[in-house]
Undergrad: 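Supplied in C-alpha cells, the structure appears directly below.
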Amino acid sequence: MSKEKMKGISVKKSEDFSRWYTELIQKAELADIRYNIKGLVPYRAWASVSIKRMYDKYEKCLEKKGHLPLIMPTLIPERNFLLEADHVEGFSPQVFWVTHGGEKKLEERLALRPTSETALYQMYSLWIRSYNDLPFKRYVSGQVFRFEGGDTRAFFRAREFHWIESHDVFATEEEARQQVIEDMETTYEMLQDEFAIPIIFFQRPEWDKFAGAVHTYAADALMDSGRVLQLPSTHLLGQNFSKPFNVTFMDKNNEEKYGYITCYGPAISRIYGAMISLLGDDQGLVLPWDLAPIQIVIIPIYRADTKELVLEKARELTHLIDDLIDNAYIKLDDRDYVSPGEKFNEWELKGVPLRIEIGPKDIENNQIVAVNRISGEKIRVKQDELNNYIETYSENFTKLLKEKYSIQFESQVEIANTVEEVKKIIGENKIACTGFCSIDLDGEPCAEIIEKEVKAQVRGKRADAETHKFEKCVVCGNPAHETVYVARSY
RNA sequence: GGCCGGAUGGUCUAGCUUGGUAUGGCCCCUGGUUUGGGACCAGGAGAUCCCGUGUUCAAAUCACGGUCCGGCCA
C-alpha cells in the first residue's frame, strides 16, 4: 500500500481532529464545501440518507408525544420581527434580508427565517381561541438561515442549517414547565438512545439564554476530547411572546388569558455532525445501525476460475438475507474492476455496520466471513446460523456503540474551589464544578472573568438534581447561590 | 477592527526571486491482465494560472487596485 494512493483518511482522529473531520466529509462523500456561498453546503447522498432517517425518528417521537406537523413559510415580514424586543436584539445581526422582488425594491424587508417564533405566533393567535384548543403542540421541520460571522464548518456551524422546531402553548406555567421536561426526555431518547451521543442538560445562565426566553435549557454533548458541544435546547418562553403576538384563549370563566409558550429546537444537521465526529474512527465513518444508508455489504472474493461460482453464490446469499432480515438494506458489491482490499476500505470509510465476505473456501465449508465495523473482528459463520447471527448483530450494534462512547458525566467532572483550580481542571480536558454567586445577570461579570482567565464558559447549572454545594462564588467570594459547571466548548 | 500569508486541471502541487510552449501525483475515462486487506501495464481526457488595470515584443511570473480564502492578534 502506498501512502500517496490512499483514498482513505490520511490522519489519525486523535492526532489532528480538524483535518480528520475535513477528510471524512470529503472522502466519505458526506458534503461538498465547494458550493460558492460561504456557510451554505450541499449534503451528498450518503449523509442525506442518514439525516432523513434522523428526521424521521425525531418526527415520530414528537408525534407520539402529541405534536402535529406544520409547514410554514420561509420568509417573515420585518414588522413581525420587531414585536419582541429581546428577540429582535438577539437575532437582528444574524438575519439574511430579502429586499427585492425581481428588480423592484420591496416596501418591507422580508427575513429569511432564523427561527420561526415570529412567523408562527401570529398564526397561533388566530388558531387558538379557547382552553379547548390547549395544549396546542406543533412542530416544523425545515431549514433556517443565520448570518454567522467567523468560521463555518459543514454540519456544525453553517449559515443555513436543518432542524425541527416545536412550539407549544399551554394554559398554565406549570404545564409549560412540564413540557420543558418532556423536551429534555425526548432529547435523551433521541440523542443518547438512538444516536449514541452522551449528553447532559444545563439551565443556561441569564446572559446566555435564547433571545426572548424566560429560561433556556440546553444539552451539551460530552465529546471524548473533554470539550462540550451545544446541541438541542428547549426554552420556556412564558408569556414573553404570547403578549406581543396576542396568543390568547378564553378560559372556563369566559376570561381572556395569555398562553404560556415553550419552544424546542433540535438541529438535525448539527446533531449529525456531532454524531459522526464522536463515533467515527481512523478508518472513517461509524453509524448506528438504523442510520446507516446500507447495513450489510456483501463482498465476493474469487479468481478467474471461481468467478462464476462465487458470484452466483453471493447473489443467492444476498437474496436470502434480503428475504429474512427486514431491518436492513443489503448491497452486493460485485464490481469486478475494484480489488477486494479497496472494497473493504471503502465500505469501512462509509461506515457500513456489517461486512460479509464470501469466497471459494467459504463455499466449500458452507460458511461466510463476517466483519464487525466497530471492532474490526472477523468471524466465520455457518450458513445455517447466519439468520440468527445477523439478527443478534443488528440488535446489539447500536447498543455496543453506545457503550463504547458512553461517558459518565460525573467521571468528567472535578470540583474546583479557586479560579486556579478551574484553570487546572480545564487544562486537563475536564469539566469543572464550582460555586457561583448567581446565574442571573448580576453574575455575568464573574463569568466574564472566568472566560478571560480560563478561556472556558460557564455552561450553567444542572437541569436535574444537584448534589454539590459551595459556600462562596469561585470568582468574587460572595455567597454561592448556585453550583455551576465550567467547560470548554466547540 | 489590526497585522501577516495564500489563490495554478475535479483534487493536491511544481514553476514566480531572474518575464518566453505550465510540472508531477491522486481522482476520472479506454483497452488488457488481475481479485482472501488500498493490483499492474499501456493509452487518454482534463487549466480563462482568482478578477481588473498597468509595464512589456512577450505576464502564472513584475507593479497597482479589487475579490475570496486561511492564520495570528485585539
Side-chain angles (χ1 to χ4, degrees), chain A residues 1-12 16-42 44-46 93 147-154 156-159 281-286 297-315 317 331-383 448-449 451-453 455:
Chain A
M1 177 180 74
S2 95
K3 247 205 158 103
E4 284 177 0
K5 284 190 180 173
M6 283 233 302
K7 289 187 206 168
I9 298 173
S10 66
V11 290
K12 286 193 187 313
D16 188 347
F17 173 80
S18 181
R19 202 167 141 203
W20 174 87
Y21 185 77
T22 307
E23 285 196 23
L24 176 70
I25 283 184
Q26 234 177 65
K27 294 184 171 174
E29 300 185 322
L30 304 179
D32 197 326
I33 57 172
R34 291 172 302 182
Y35 192 76
N36 50 353
I37 301 178
K38 183 179 164 66
L40 273 59
V41 179
R44 304 187 65 176
W46 200 254
F147 187 76
E148 308 273 1
D151 293 347
T152 54
R153 164 152 275 195
F156 276 124
R157 186 174 296 110
R159 287 179 171 180
D281 61 21
D282 292 342
Q283 254 50 256
L285 201 59
V286 179
V297 65
I298 295 173
I299 299 187
I301 290 155
Y302 49 77
R303 295 173 173 279
D305 56 335
T306 51
K307 181 170 178 178
E308 281 316 313
L309 171 72
V310 172
L311 276 179
E312 193 187 322
K313 205 74 188 161
R315 280 187 210 111
L317 185 67
K331 183 179 176 63
L332 170 64
D333 188 349
D334 57 0
R335 291 177 295 173
D336 60 1
Y337 52 91
V338 180
S339 68
E342 187 162 347
K343 289 178 185 174
F344 298 163
N345 285 289
E346 194 176 312
W347 294 115
E348 281 166 11
L349 175 64
K350 293 219 157 184
V352 172
L354 176 61
R355 180 171 83 238
I356 290 175
E357 303 170 13
I358 182 161
K361 283 180 242 166
D362 302 312
I363 292 170
E364 244 171 69
N365 297 320
N366 229 352
Q367 66 181 25
I368 55 95
V369 174
V371 187
N372 185 306
R373 178 61 185 87
I374 302 176
S375 62
E377 186 190 20
K378 284 190 180 188
I379 67 162
R380 279 162 239 288
V381 181
K382 290 287 176 197
Q383 292 244 4
E448 278 169 2
I449 289 167
E451 172 98 43
K452 204 169 171 203
E453 299 270 313
K455 297 203 189 314

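We use all heavy atoms of the structure for the numbers below, so side chains are in, but hydrogens, waters and symmetry mates are not. Lettering of chains follows the sequences in order, A, B, ..., and the numbering in each one begins at 1. Quick caveat, the model's predicted, so the values are computed rather than measured.
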Undergrad: Using a 3.5 Å distance criterion without hydrogens, assess whether the side chain of W20(A) forms a donor-acceptor pair with backbone atoms of D281(A).
TA: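 Side chain of W20(A) to backbone of D281(A): a pair is present.
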
Undergrad: Does R335(A) offer a backbone N or O that forms a donor-acceptor pair with the side chain of K343(A) under 3.5 Å?
TA: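 Here the side-chain-to-backbone pair exists.
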
Undergrad: Only one of D336(A), L309(A), I358(A) clears side-chain contact (heavy atoms from CB on, under 4.5 Å) with Y302(A); which?
TA: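 Of D336(A), L309(A), I358(A), side-chain contact (heavy atoms from CB on, under 4.5 Å) with Y302(A) is met by D336(A) alone.
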
Undergrad: Looking only at atom C1', what distance separates U34(B) and A42(B), rounded to whole Å?
TA: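 Those two atoms are separated by 15 Å.
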
Undergrad: Identify the nucleotide, in any strand shown, that forms a Watson-Crick or G-U wobble pair with C72(B), with both distances under 3.5 Å; if there is none, say none.
TA: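 G2(B) is the nucleotide pairing with C72(B).
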
Undergrad: Choosing from G36(B), G37(B), A39(B), which nucleotide comes nearest the side chain of V369(A)?
TA: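 Closest nucleotide among those given: G36(B).
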
Undergrad: Quick one: look up who G9(B) pairs with, Watson-Crick or G-U, both distances under 3.5 Å, and put none if it's unpaired.
TA: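 None - no nucleotide pairs with G9(B), as no candidate has both distances under 3.5 Å.
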
Undergrad: Pick the C1' atom in U18(B) and in A60(B), then give their distance to the nearest Å.
TA: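 Going atom to atom, C1' in each nucleotide, I get 15 Å.
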
Undergrad: The side chain of R34(A) lies closest to which of these nucleotides: G38(B), U35(B), G10(B)?
TA: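 Selected nucleotide (nearest to the side chain): G10(B).
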
Undergrad: Is there a donor and acceptor pair, one atom on the side chain of E348(A) and one on the base of G37(B), closer than 3.5 Å?
TA: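 Answer is yes: a donor-acceptor pair is held.
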
Undergrad: What is the separation between atom CD on E364(A) and atom C1' on G36(B), rounded to the nearest whole Å?
TA: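 The distance from CD of E364(A) to C1' of G36(B) comes to 13 Å, rounded to the nearest Å.
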
Undergrad: Base, sugar-phosphate, or nothing for R355(A), non-hydrogen atoms under 4.0 angstrom?
TA: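 Here R355(A) touches the bases of the nucleic acid.
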
Undergrad: In whole angstrom, give the distance that lies between atom CG of D336(A) and atom C1' of G36(B).
TA: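 So the CG-C1' distance, D336(A) to G36(B), works out to 17 Å.
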
Undergrad: With sugar-phosphate meaning primed atoms plus P, OP1 and OP2, does P300(A) contact a base, only sugar-phosphate, or nothing at under 4.0 Å between heavy atoms?
TA: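 Nothing, no nucleic acid heavy atom in range.
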
Undergrad: Taking C73(B) as the reference, what is the distance to C64(B) when you measure between their C1' atoms (whole Å, please)?
TA: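 These two C1' atoms come out 28 Å apart once rounded.
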
Undergrad: Rounded to whole Å, how long is the line connecting atom CG of D333(A) with atom P of G37(B)?
TA: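 So the two atoms are 15 Å apart, to the nearest Å.
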
Undergrad: Sticking with atom P, work out how far C27(B) lies from A39(B), rounded to a whole angstrom.
TA: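 Going atom to atom, P in each nucleotide, I get 10 Å.
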
Undergrad: Just to confirm, is there a sub-4.0 Å distance from OP1 or OP2 of A39(B) to any side-chain nitrogen or oxygen of S339(A)?
TA: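 For A39(B), OP1/OP2 do have a side-chain N/O of S339(A) under 4.0 Å.
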
Undergrad: Would a distance-only check, ignoring hydrogens and angles, find a side-chain to backbone donor-acceptor pair under 3.5 Å from N345(A) to E342(A)?
TA: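 A pair under 3.5 Å: no.
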
Undergrad: Using whole Å, what does the distance between atom P of nucleotide A39(B) and atom CZ of F344(A) come to?
TA: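 In whole Å, A39(B) P and F344(A) CZ are 11 Å from each other.
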
Undergrad: Taking the P atom of each, how far is U35(B) from G71(B), in whole Å?
TA: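 The same atom, P, in both gives a distance of 47 Å.
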
Undergrad: Is any side-chain N or O of K378(A) under 3.5 Å from a base N or O of G37(B), one able to act as donor and the other as acceptor?
TA: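 Such a pair is found, so the answer is yes.
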
Undergrad: Please report the closest heavy-atom contact between V352(A) and R373(A), naming both atoms and the distance.
TA: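 Closest approach of V352(A) to R373(A), heavy atoms only: O-CB, 3.5 Å.
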
Undergrad: For G43(B), what is the paired nucleotide under Watson-Crick or G-U wobble rules, both distances under 3.5 Å?
TA: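 In the structure as shown, G43(B) has C29(B) as its Watson-Crick or wobble partner.
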
Undergrad: With a 3.5 Å limit on both atom pairs, tell me what C57(B) is paired to, counting Watson-Crick and G-U wobble, or say none.
TA: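 Result: G20(B).
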
Undergrad: By nearest atom, which of the nucleotides G37(B), A39(B), U35(B) is closest to the I301(A) side chain?
TA: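 Ranking G37(B), A39(B), U35(B) by closest atom to the I301(A) side chain puts U35(B) first.
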
Undergrad: For R159(A) and F147(A), indicate whether the former's side chain and the latter's backbone hold a donor-acceptor pair under 3.5 Å.
TA: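 No, because the side chain of R159(A) does not come within donor-acceptor range (under 3.5 Å) of the backbone of F147(A).
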
Undergrad: Who does A14(B) pair with, Watson-Crick or G-U, both distances under 3.5 Å?
TA: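 With both distances under 3.5 Å required, A14(B) matches none.
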
Undergrad: Pick base, sugar-phosphate or nothing for K38(A), based on heavy-atom distances below 4.0 Å to the nucleic acid.
TA: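 Sugar-phosphate only.
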
Undergrad: Rounded off to whole Å, could you give me the NZ-to-P distance for the K361(A) and U35(B) pair?
TA: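 The distance from NZ of K361(A) to P of U35(B) comes to 13 Å, rounded to the nearest Å.
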
Undergrad: Quick one: on RNA chain B, does Y337(A) or N345(A) contact a more 5' nucleotide (nearest heavy atom)?
TA: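 Residue closer to the 5' terminus by nearest nucleotide: Y337(A).
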
Undergrad: Measure CZ/R335(A) against P/C29(B) and give the value in whole Å, please.
TA: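 Checked: the CZ to P distance equals 11 Å.
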
Undergrad: If you measure from the C1' atom in C28(B) to the same atom in C62(B), how many Å do you get, rounded?
TA: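 Each nucleotide's C1' atom is 37 Å from the other's.
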
Undergrad: Taking only the C1' atom of each, what is the distance from U67(B) to C51(B) in whole angstrom?
TA: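 The same atom, C1', in both gives a distance of 7 Å.
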
Undergrad: For atom C1', what is the distance between C69(B) and G25(B), given to the nearest Å?
TA: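 Straight-line distance between the two C1' atoms is 24 Å.
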
Undergrad: Among G36(B), G37(B), A39(B), which nucleotide has an atom closest to any side-chain atom of P360(A)?
TA: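 Closest of the options to the side chain of P360(A): G36(B).
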
Undergrad: Is any side-chain N of the basic residue among D32(A) and R34(A) closer than 4.0 Å to the acidic one's carboxylate O?
TA: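 Looking at D32(A) and R34(A), the cut-off is met.
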
Undergrad: Distance check needed: U34(B) C1' versus K343(A) NZ, whole Å only.
TA: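 Nearest whole value for this atom pair: 12 Å.
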
Undergrad: Could you check how far CZ of R303(A) sits from C1' of G36(B), rounded to whole Å?
TA: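 To the nearest whole Å, that distance equals 9 Å.
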
Undergrad: Can you tell me the base-pairing partner of U48(B)? Count Watson-Crick or G-U wobble geometry only, both distances below 3.5 Å, and say none if there is no partner.
TA: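 None - no nucleotide pairs with U48(B), as no candidate has both distances under 3.5 Å.
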
Undergrad: For T152(A) and for A304(A), find the nucleotide of RNA chain B with the closest heavy atom, then tell me which residue's nucleotide is more 5'.
TA: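 Here A304(A) is the residue nearer the 5' end.
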
Undergrad: Can you measure from CD (Q26(A)) to CZ (R44(A)) and round to the nearest 0.5 angstrom?
TA: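 Between atom CD of Q26(A) and atom CZ of R44(A) there are 9.5 Å.
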
